[in-house]
Amino acid sequence: AGGNDIAGQCDIVIAADDAVIQQPQSRRLGLSFNHIYAYKCGPQWAKILLLTGDPVSGREAERLGIAAMAFPREELEDAVIKLARRLALLDPTMGAMNKLAVNRAYESMGLPQARESAKALDTIAHVAPVMQKFVATAAESGLRTALRENEAPYREVERPFKVPGI
């Protein structure tokens with residue numbers, strides 16, 4: 001848990017093609033860094049992923065723009081090292097300026113406001129009855145039970161898309 005939140009903070013995400021990328025906490029546990037999805041994969045897929053909490057594979061994440069690239073697991077480390085070596089060739093000043101230019105473009109599209117809004121909305125979500133029930137169940141019966149209850153309805157209803165390995 002939390003790997004997707006960390007990846008959301010990264011400049012470049014490279015995934016194994018069979019990775020499972022998901023924001024299940026959006027179902028009942030508030031918001032996290034998921035507001036970035038609207039920028040990465042557009043509002044329609046952002047809503048599908050966040051309103052269902054359903055997973056996608058690393059390959060699908062690449063297609064959607066959540067990951068820059070996806071490779072078979074056995075090729076992943078080599079691909080990352082090759083990219084790192086190419087990035088290391090860049091003059092640090094040029095790298096910083098290019099990164100800043102891209103970041104400023106995101107800022108002009110409202111990313112800082114989206115981040116602040118997500119924090120406020122997460123605070124509200126944490127007092128929602130469904131979140132309070134989850135916390136109470138976790139305290140009374142343990143986290144596994146709370147997570148199992150959280151996921152149960154989503155296991156009963158078929159997804160409109162397939163996720164390899166799930």
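Of all the heavy atoms in Ile36 and Tyr106, the pair that sits closest is CD1-CE2, 4.3 Å. Summarising the geometry of Glu107 relative to Gln113, their closest heavy-atom pair is O-OE1, 4.4 Å, with the distance given to 0.1 Å. Between Gly58 and Ala15, the shortest heavy-atom contact is CA-CB, 4.1 Å. When all heavy atoms of Cys41 and Ala46 are compared, the closest pair comes out as SG-N, 3.7 Å. Contact between Val20 and Pro55 at its shortest, heavy atoms only, is CG1-CB, 3.6 Å. Closest approach of Thr145 and Ser141 over heavy atoms only: OG1-O, 3.2 Å.
Leu64 contributes atom CG, which lies 12.5 Å from atom CZ of Arg59 (distance to the nearest 0.5 angstrom). Atom CG of residue Leu111 and atom CG of residue Asn103 lie 8.5 Å apart, to the nearest 0.5 angstrom. With rounding to the nearest 0.5 Å, the separation of CD1 in Ile14 from CG in Asp17 is 13.0 Å. Summarising the geometry, atom CG belonging to Asp91 is positioned 10.0 Å from atom CE belonging to Met97; distances are rounded to the nearest 0.5 Å. Here the OG1-CD distance, from Thr52 to Gln23, works out to 11.0 Å after rounding to the nearest 0.5 Å. Annotation: the span from Asn150 atom CG to Arg155 atom CZ amounts to 9.5 Å, rounded to 0.5 Å.
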Q: For Leu83 and Met69, run side-chain contact (heavy atoms from CB on, under 4.5 Å): C-alpha distance rounded to whole Å, both residues' side-chain angles, the deciding distance at 0.1 Å, then the answer.
A: CA-CA 11 Å; Leu83 178 59; Met69 295 178 258; 3.9 Å; yes
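Here the side chains of Thr137 and Glu149 are in contact, with some heavy-atom distance below 4.5 Å. Side chains of Asn98 and Val102 form no contact here, defined as non-hydrogen atoms less than 4.5 Å apart. Looking at heavy atoms from C-beta onward, Ile21 lies out of side-chain contact with Glu60 at the 4.5 angstrom threshold. When side chains are defined from C-beta on, Ile66 counts as touching Leu49, because their heavy atoms get closer than 4.5 Å. Taking the side chain as every heavy atom from C-beta outward, Lys99 and Asp11 approach each other to under 4.5 Å. At least one side-chain heavy atom of Phe134 sits under 4.5 Å from a side-chain heavy atom of Leu143. Phe71 has its side chain out of reach of Val80: every pair of non-hydrogen atoms, C-beta onward, lies at least 4.5 Å apart.
Judged by distance alone, the side chain of Tyr37 and the main-chain N or O of Pro43 form no donor-acceptor pair under 3.5 Å.
For Gln44, the CD atom sits in a loose shell: 12 or fewer heavy atoms of surrounding residues, nucleotides or ligands are nearer than 6.0 Å. Counting heavy atoms of neighbouring residues, nucleotides and ligands inside a 6.0 Å radius, atom CD of Glu77 does not exceed 12 of them.
In terms of hydrophobic clustering, with Ile, Leu, Val, Met, Phe, Trp and Tyr side chains grouped at heavy-atom distances under 4.5 Å, Val13 and Leu87 are assigned to different clusters. In the hydrophobic cluster analysis, where Ile, Leu, Val, Met, Phe, Trp and Tyr join through side-chain heavy atoms closer than 4.5 angstrom, Ile124 is grouped apart from Val130.
Salt-bridge formation is detected for the pair Arg73/Asp18: a Lys NZ or Arg NE/NH1/NH2 atom is positioned less than 4.0 Å from an Asp or Glu carboxylate oxygen.
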